[in-house]
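Report on the structure given below.
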Protein chains: 2
Amino acid sequence: MAVTVRQETDPPEALADDLCWLMGRVNALLNREATAALRELEITPRKHAVLTAARAGEHTQTDLARIVGLDKTTLMVTLDHLEQMGLAERRPLPSDRRARIVAVTPAGEQLLDRAETALTQSRAGVLSLLPVDERVVFMHALGRLACAHEDDLPACCASSLPD
Amino acid sequence: MAVTVRQETDPPEALADDLCWLMGRVNALLNREATAALRELEITPRKHAVLTAARAGEHTQTDLARIVGLDKTTLMVTLDHLEQMGLAERRPLPSDRRARIVAVTPAGEQLLDRAETALTQSRAGVLSLLPVDERVVFMHALGRLACAHEDDLPACCASSLPD
DNA sequence: TATTGTTATACTCTATAACTATA
DNA sequence: TATAGTTATAGAGTATAACAATA
């Protein structure tokens with residue numbers, strides 16, 4: 001355990017309380033990290049997320065977009081890529097001929113397994129930067145906030161004072 | 001019509017372990033939240049971060065870019081806006097006539113004070129979604145990760161950097 | 001020669017709107 | 001009429017490269 005701490009990047013004290021800024025920095029770090037972890041598999045973190053959600057159940061494209069948190073037109077591009085790579089395919093839904101189910105191909109399943117290994121390792125690396133007792137709390141907190149609605153927040157600014 | 005149920009956003013179980021995806025979702029939430037909190041003041045979260053860092057000390061533009069975590073050309077746009085709004089100004093640095101110090105104007109200081117109130121309220125709202133004992137841990141963990149380097153991570157996959 | 005600030009440009013990402021075929 | 005999927009397009013955001021002034 002190194003006592004000497006890397007101080008190359010000065011922690012800007014004034015921004016330490018800025019929750020939005022902190023999240024932005026950490027988000028960028030995790031994105032670079034996950035992108036690197038998935039590079040060999042030639043998929044991006046987003047493609048991985050879509051593929052993972054698709055494997056979890058038989059979802060239509062609009063469902064998938066809602067679940068992963070993407071615009072439906074943004075999902076289109078990702079799905080085109082995944083289909084092109086042979087990792088997923090659109091299957092007609094008999095009960096509604098407008099809709100399509102996104103299915104994961106065997107190749108996609110195989111890739112997801114390999115991706116899980118890489119991402120588990122990557123996550124462990126990131127969490128290792130935290131004190132042991134903070135890790136599980138951090139993941140739990142993130143999970144809770146990730147499922148939060150705008151509506152769940154107290155209307156701090158919606159009730160702006162009448163001038 | 002379907003009645004709006006709180007279950008619109010199902011916590012997608014399969015993605016609950018995806019650290020990168022979780023951060024992306026939470027980051028998006030906090031961005032919307034901070035943007036809303038700062039809307040009345042007519043500045044974006046990024047402008048606020050730059051202004052805050054500028055107030056913290058006499059920094060040149062390249063320093064400021066490094067501290068806040070922006071590309072220097074990206075910072076240019078933000079600084080142009082801040083200067084246009086009369087919140088900050090570029091001042092020549094006598095010791096190095098190439099460089100410029102970014103200074104916060106009185107109007108900028110005043111705005112920062114009002115912003116702090118709004119953001120403190122906003123942050124409290126977000127943290128209120130977490131169990132009481134998780135809040136301080138969460139902030140601490142974020143602060144630690146925000147200061148982390150790529151190099152601090154165990155080299156799990158980082159053997160090959162992009163080009 | 002290297003660095004600061006700057007501009008112009010290109011590229012990525014994402015959202016908007018419109019269209020089709022079904023319901 | 002409304003909805004699922006699709007396409008084309010525009011916009012914001014960001015990065016890349018080149019340039020002038022200074023070190």
Side-chain angles (χ1 to χ4, degrees), chain A residues 20-21 23-25 27-29 31-32 34-35 39 43-50 53-54 58-84 88-103, chain B residues 1-4 8 20-21 23-25 27-29 31-32 34-35 39 42-50 54 58-84 88-103 161-163:
Chain A
C20 180
W21 181 82
M23 282 295 305
R25 292 307 299 256
N27 184 50
L29 173 73
N31 248 314
R32 291 192 299 269
T35 300
R39 181 159 299 145
I43 59 168
T44 60
R46 166 173 298 170
K47 287 190 181 71
H48 171 263
V50 170
E58 302 211 328
H59 299 295
T60 64
Q61 296 184 200
T62 26
D63 275 349
L64 213 50
R66 181 183 48 80
I67 291 172
V68 183
L70 296 173
D71 190 272
K72 61 174 181 175
T73 61
T74 304
L75 180 64
M76 286 295 302
V77 185
T78 308
L79 279 184
D80 288 344
H81 289 167
L82 288 175
E83 217 164 18
Q84 213 169 350
E89 52 186 33
R90 296 161 160 107
R91 292 185 188 157
L93 179 62
S95 61
D96 187 341
R97 280 161 51 195
R98 295 172 302 178
R100 293 181 175 201
I101 294 295
V102 178
Chain B
M1 284 313 285
V3 182
T4 314
E8 290 171 14
C20 180
W21 180 82
M23 281 297 305
R25 293 306 301 257
N27 185 48
L29 174 73
N31 248 315
R32 291 192 298 270
T35 301
R39 182 157 297 145
E42 291 178 341
I43 60 167
T44 60
R46 165 173 299 170
K47 287 190 181 70
H48 171 263
V50 170
E58 301 211 327
H59 299 295
T60 64
Q61 295 184 202
T62 26
D63 274 348
L64 213 51
R66 181 183 48 80
I67 291 172
V68 182
L70 297 173
D71 191 272
K72 62 173 182 175
T73 61
T74 305
L75 180 64
M76 286 293 303
V77 185
T78 308
L79 279 184
D80 287 345
H81 289 168
L82 287 175
E83 217 164 19
Q84 214 170 350
E89 53 186 33
R90 296 160 161 110
R91 290 183 190 160
L93 180 61
S95 60
D96 185 341
R97 279 160 52 195
R98 294 172 304 179
R100 292 182 175 201
I101 294 294
V102 178
L161 285 173
D163 297 304

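Excluded from the calculations below are hydrogen atoms, water molecules and symmetry mates; all remaining heavy atoms, backbone and side chain alike, are included. Order of the sequence lines fixes the chain letters, A, B, ..., with proteins taken first and strands second; residue numbering starts at 1 for each chain.
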Between B:His59 and B:Asp63, the two heavy atoms sitting closest are CB-CB, 4.0 Å
Rounded to 10°, the angle between the first-five-pair and last-five-pair axes of the helix from C:dT1-D:dA23 to C:dA23-D:dT1 is 0°
In short, B:Cys20 meets A:Asn27 closest at the heavy-atom pair O-OD1, 4.5 Å
Nearest heavy atoms of B:Ala54 and B:Leu64, plus distance in Å = N-CD1, 3.8 Å
Which nucleotides of nucleotides 8-22 of chain D have their base under 4.0 Å from a protein heavy atom (B), which only their sugar-phosphate (S), and which neither (-), written as one string 5' to 3'?
-> ------SBBB---BB
Residues B:Ile67 and A:Arg25: closest non-hydrogen pair is O-NH1, 3.5 Å
Starting at atom CZ of B:Arg100, determine the distance to atom C1' of D:dA23, rounded to an integer number of angstrom.
-> 17 Å
Nearest-nucleotide 5' precedence on DNA chain C, B:Ala99 against B:Asp80 | B:Ala99
With a 4.0 angstrom cut-off to heavy atoms of chain A, pull out the first and last contacting nucleotide of DNA chain C, in 5'-to-3' order.
-> C:dT14 to C:dA23
All heavy atoms of B:Arg46 vs all of B:Thr74, minimum pair found to be NH1-CG2, 3.3 Å
Can any side-chain N or O of B:Trp21 pair as donor or acceptor with the backbone N or O of A:Val68 at less than 3.5 Å?
-> yes
Paired with B:Leu75, the side-chain contact (heavy atoms from CB on, under 4.5 Å) test is passed by just one of B:Val50, B:Asp80, B:Leu82, namely B:Val50
Spatial distance of atom CG (B:Leu79) from atom NZ (B:Lys72) [nearest 0.5 Å] = 13.5 Å
How many angstroms lie between OG1 in B:Thr44 and CG in B:Asn31, if you round to the nearest 0.5 Å?
-> 9.5 Å
Please report the shortest heavy-atom distance between A:Glu83 and A:Glu89, naming the atom on each side.
-> OE2-CA, 3.5 Å
